[in-house]
Amino acid sequence: MSLQVFNTLSNKKEEFVPIDGKNVRMYACGPTVYDSSHLGHARMAIVWDVIQRYLRSVGYNVTFVRNITDVDDKIINRAKELGISPDQLARQYTFEYWRDMYALNVMAPDFEPKATEFIAPMIQFVRELIDAGHAYEANGDVYFDVASFNDYGKLSKQNLEQLQSGAREQVRTQEDLASIKKNPVDFALWKSADEGELGWPSPWGYGRPGWHLECSTMIRTVLGESIDIHGGGEDLVFPHHENEIAQSESLFKKNMAKYWMHNSFVQVSAEKMSKSLGNFKTIKSLLENYSADTLRLLILQTHYRNPIDFTADSLAAAKTAVLRLVRAAALDAELEQNGDVPAKVRDAIAETEKQFSDAMDNDFNTAVAISALFSLGDKVFQTKDASEQKAYAAALVRLAKVLGFTLADTRKKIEPETAKGVMDLVLELRKNARENKDYATSDLIRKELAQLGINVMDAPGGATWEKA
RNA sequence: GGCGGCAUAGCCAAGUGGUAAGGCAGAGCUCUGCAAAAGCUCCAUCCCCCAGUUCAAAUCUGGGUGCCGCCUCCA
């Protein structure tokens, strides 16, 4: 079965055929770095991580670009609140984002452009749009002339009339803009800024680039005028991606992306998890109690285009489930392979691998792919023969890796608090031995502990210990 | 108002024309000094409701009901 992907543009699954043979160019809209990332951002990152991992695993040469938006009103406002500069704030949250991504075992993108590094190409892009008659300057701002682009609305399935009637309602709150723009749906390519505010000089005066512009510009610069996959969260369909299409396609006269893919949201109590609603769990806080694998399983057990309703129960369920996979996978490292793997085992593995790839080929059906992982886990424990167990466990690890699971065995890693409890217990047992005049045992305990690098010191008030 | 999506067991969640994957929770048994792990077995006559198409529908069509997202920053 060939790979099928759901294309937002056509609203149906299509066979995946890259523009350039085995080379796949993909771009995902990354974060605006003005605050900590939450589970919703983790979902987006993990979904795209899995997509690119799978494409690589089936032999594509993937170039994956994920940008960082570090110029934005939200950044500026937040920085003002905190009394620091916007670029300082952006850098701080960029670092935090990287830390979160690393902790989640999300692969680094091949390129990670930042908006601030693309000011000059963005200005150039705007200039070209003006020259081509698709944009106009007004009071130091530059707007995209939506009416000049016939395909406007093709991604979000809206037509211009509908948007205009909708836009008129909102325009009441921004009447100053209504007088400047030719059309209420026209969007800013360049926004003038006051001196002292974050901004750059441009042919139209001091100002900042519009949000949509950076992605069009980065894609053009880094990947080219037409790419294979462009994606992001479903809320980006309109207006963000629609506007990117308008910018890029009106200028280049070719499809910006062949496949548009959008992931659904994480909800809390059937409501969207978002920064504006304040009902979010940060990645950082979740990772304090749950492993990266647990969060990944929670996310990938739901198909990427369906919403996930986040609950404490589902998180706990994922944690238990991961533990089972970890136990099975651990046997890969623990066991030895003796001789050839029997044909029936090889066949069983091949069959499961086929189930896995069939599921992934079906628009990245990770939920079904994961069931293949559990099926391998079952086989590991159902088999008595160590060599066969090893073969199944190795297959499990291999497939799990395609989905980005580490299956890291942390079962023996104990926290300092727990270690302290264990030492208390050991010293209690030693104390009992001493009280029974069983000095052989008490001396043995002290000697063994010393070899482990722990010194036990008897004192009138009882024994204490410290790391040597 | 416009556009789009969702409704499957106690919970999470696949399936989208051929007779209900998987995970969690639960029950029984095996193993076992106890416990945990592991194994075996069981756990939706039925997929929001109604009507229709079909030999056959959770899956298609029409009509309801409920919920959600986008149209304004948002992954």
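By convention in this document, chain letters (A, B, ...) are assigned in the order of the sequence lines, proteins followed by strands, and residues within each chain are numbered from 1. Computed from heavy atoms alone, side chains included, the values below leave out hydrogens, waters and symmetry copies.
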Exercise for review: Please check if any side-chain donor atom of A:E242 sits under 3.5 Å from a side-chain acceptor atom of A:S156, or the reverse.
Suggested key: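 Yes - a donor-acceptor pair under 3.5 Å links their side chains.
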Strand partner of [N], provided both Watson-Crick or wobble distances fall under 3.5 Å:
{"N": "B:U54", "answer": "none"}
{"N": "B:G33", "answer": "none"}
{"N": "B:C46", "answer": "none"}
{"N": "B:C24", "answer": "B:G10"}
{"N": "B:C70", "answer": "B:G2"}

I would like to know whether A:Y136 and A:D186 meet side chain to side chain donor-acceptor pair (under 3.5 Å); could you show each step before the answer?
CA-CA 10 Å; A:Y136 56 92; A:D186 288 352; 2.6 Å; yes
Output the single nucleotide from [options] whose closest atom is nearest the side chain of [X].
{"X": "A:T320", "options": "B:A25, B:A21, B:C71", "result": "B:A25"}
{"X": "A:A367", "options": "B:A14, B:G2, B:G69", "result": "B:A14"}
{"X": "A:R324", "options": "B:A75, B:C11, B:G39", "result": "B:G39"}
{"X": "A:D235", "options": "B:A13, B:G69, B:C74", "result": "B:C74"}
{"X": "A:N11", "options": "B:G5, B:G39, B:A14", "result": "B:G5"}
{"X": "A:Q301", "options": "B:A75, B:G23, B:C6", "result": "B:G23"}
{"X": "A:F238", "options": "B:C24, B:C70, B:C73", "result": "B:C70"}
{"X": "A:M44", "options": "B:A75, B:C73, B:C6", "result": "B:A75"}

Exercise. Expressed in whole Å, how much space separates the P atoms belonging to B:G10 and B:C47?
Worked result: 13 Å
B:A9 and B:G5: how far apart are their P atoms, nearest whole angstrom?
->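 Taking atom P in both B:A9 and B:G5, they lie 22 Å apart.
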Whole angstrom value for the distance that separates [atom2] of [N] from [atom1] of [X]:
{"X": "A:Q267", "N": "B:C12", "atom1": "CD", "atom2": "C1'", "answer": "14 Å"}
{"X": "A:R305", "N": "B:C70", "atom1": "CZ", "atom2": "C1'", "answer": "17 Å"}
{"X": "A:I76", "N": "B:C73", "atom1": "CD1", "atom2": "C1'", "answer": "13 Å"}
{"X": "A:L155", "N": "B:C3", "atom1": "CG", "atom2": "P", "answer": "16 Å"}

Is [X] touching bases, backbone alone, or none of the nucleic acid, heavy atoms closer than 4.0 Å?
{"X": "A:L236", "value": "sugar-phosphate"}
{"X": "A:G232", "value": "sugar-phosphate"}
{"X": "A:H303", "value": "sugar-phosphate"}

- Pair A:H262-A:H241, side chain to side chain donor-acceptor pair (under 3.5 Å): steps then yes or no: CA-CA 10 Å; A:H262 295 92; A:H241 289 163; 2.7 Å; yes
| field | Contact list for RNA chain B against residues 282-293 of chain A - heavy-atom distance below 4.0 Å | value |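 Within this stretch, nothing sits under 4.0 Å of the strand.
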Sorted by chain and number, sequence neighbours left out, side chain to side chain donor-acceptor pair (under 3.5 Å) with A:R296 holds for A:D49
Under 4.0 Å between a side-chain nitrogen and a carboxylate oxygen: does that hold for [X] and [Y]?
{"X": "A:D347", "Y": "A:K379", "result": "no"}
{"X": "A:K390", "Y": "A:E334", "result": "no"}
{"X": "A:R327", "Y": "A:D409", "result": "no"}

Ignoring backbone atoms, establish whether A:W211 has a side-chain N or O less than 4.0 Å from OP1 or OP2 of B:C74.
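Looking at the OP1 and OP2 atoms of B:C74, one of them is under 4.0 Å from a side-chain N or O of A:W211.
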Where do A:E137 and A:W190 land on the side chain to side chain donor-acceptor pair (under 3.5 Å) test, with the steps shown first?
CA-CA 9 Å; A:E137 186 193 350; A:W190 188 265; over 6 Å; no
